[in-house]
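Down below is the structure, laid out as structure tokens.
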Amino acid sequence: MICNVGMFSLGAIISSSFFYELVKKHLIGRRSEVNSYKSYYEMMRKWIPLYQKGIRIAKYFEDNNYRKIAIYGMGDMGILFYEDVKESELEIAYVIKAHEGERDIGKEIKDIEDDLDAVDAIVVCEIGAYDYVSNLLRDRIDYPLIPLDDIIYELF
């Protein structure tokens, strides 16, 4: 009888420990997701007034003498970025895909592991991916990686 109670208690402890880890992973994932949405929101809170005032993102590139760029990530922010600069003199050389199923804008699509042609800069439009992209490319490129939100905050 004591053995059964001990085994039951041990099973309950192991189960609750497993359940705790499962819930913890879920909550950490949710926290990350919430932080990502907050970043999107804060960036858009700055971008929309700029757009309403007629200030386009291409101004940043003109001010910094960037003429030819690549875009990392063609999710919602990548598409909005492209729409904002496509009528400018800025040349989009290619797109580096961040995820499967991203939208096609008619530019050459590369994987991050591919040989990347030289450009003046790569704009990271995948919010929260700057560190990841930087770590992968740090030894392979000698031109800047610029997070989209940094551009918007600088223009604001």
Would you give me the side-chain donor-acceptor pairs under 3.5 Å for residues 113-123, sequence neighbours excluded?
from   : atom 1 : to     : atom 2 : distance (Å)
Asp114 : OD2    : Asp111 : N      : 2.8
Asp120 : OD2    : Arg67  : N      : 2.7
Asp120 : OD2    : Lys68  : N      : 3.0

Hydrophobic cluster identity match, [X] and [Y], side-chain contacts under 4.5 Å:
{"X": "Ile146", "Y": "Tyr72", "answer": "no"}
{"X": "Leu90", "Y": "Tyr51", "answer": "no"}
{"X": "Ile69", "Y": "Ile57", "answer": "yes"}
{"X": "Val85", "Y": "Ile55", "answer": "yes"}
{"X": "Phe61", "Y": "Ile71", "answer": "yes"}

Query raised in the report: Between Leu80 and Trp47, does a side chain to side chain contact (heavy atoms under 4.5 Å, CB included) hold up when you go through it step by step?
Result: CA-CA 10 Å; Leu80 288 172; Trp47 194 349; 3.6 Å; yes

Requested in this report: Step by step, work out the side chain to side chain contact (heavy atoms under 4.5 Å, CB included) result for Met74 and Lys107.
Outcome: CA-CA 11 Å; Met74 288 308 291; Lys107 301 291 180 182; over 6 Å; no

Interatomic distance, [X] atom [atom1] to [Y] atom [atom2] [nearest 0.5 angstrom]:
{"X": "Ile109", "Y": "Arg103", "atom1": "CD1", "atom2": "CZ", "answer": "12.5 Å"}
{"X": "Asp63", "Y": "Ile151", "atom1": "CG", "atom2": "CD1", "answer": "11.5 Å"}
{"X": "Asp149", "Y": "Tyr130", "atom1": "CG", "atom2": "OH", "answer": "11.0 Å"}
{"X": "Ile127", "Y": "Tyr41", "atom1": "CD1", "atom2": "OH", "answer": "15.5 Å"}
{"X": "Ile96", "Y": "Leu136", "atom1": "CD1", "atom2": "CG", "answer": "10.5 Å"}
{"X": "Tyr94", "Y": "Ile105", "atom1": "OH", "atom2": "CD1", "answer": "13.0 Å"}

Report task. Please work out whether the ring planes of Tyr66 and Tyr60 are parallel, tilted or perpendicular, with thresholds of 30° and 60°. Result -> tilted

Report task. Using a cut-off of 6.0 Å, state whether more than 12 heavy atoms not belonging to Tyr40 lie near its atom OH. Result -> yes

Heavy-atom closest pair, residues [X] and [Y]:
{"X": "Pro49", "Y": "Lys46", "value": "CD-O, 3.3 Å"}
{"X": "Gly73", "Y": "Cys125", "value": "O-CB, 3.6 Å"}
{"X": "Val124", "Y": "Leu145", "value": "CG2-CD2, 4.1 Å"}

Query raised in the report: Would you call Arg138 and Asp131 a salt bridge, using N to O less than 4.0 angstrom?
Result: no

Query raised in the report: Quick one: do Glu42 and Arg45 make a salt bridge, cutoff under 4.0 Å?
Result: yes

Query raised in the report: Please walk me through it: do Arg56 and Glu87 pass side chain to side chain contact (heavy atoms under 4.5 Å, CB included)?
Result: CA-CA 10 Å; Arg56 298 296 178 258; Glu87 299 299 322; over 6 Å; no

Requested in this report: Start with the C-alpha gap between Glu126 and His99, add the side-chain angles, then the distance that decides, and say whether side chain to side chain contact (heavy atoms under 4.5 Å, CB included) holds.
Outcome: CA-CA 10 Å; Glu126 186 78 16; His99 304 286; 2.8 Å; yes

**Report entry** All salt bridge (charged side-chain N to carboxylate O under 4.0 Å, His left out) counterparts of Glu108, not counting sequence neighbours
**Finding:** Lys110

Report summary line: Taken in chain and number order and not counting sequence neighbours, the residues that satisfy salt bridge (charged side-chain N to carboxylate O under 4.0 Å, His left out) with Glu154 are none

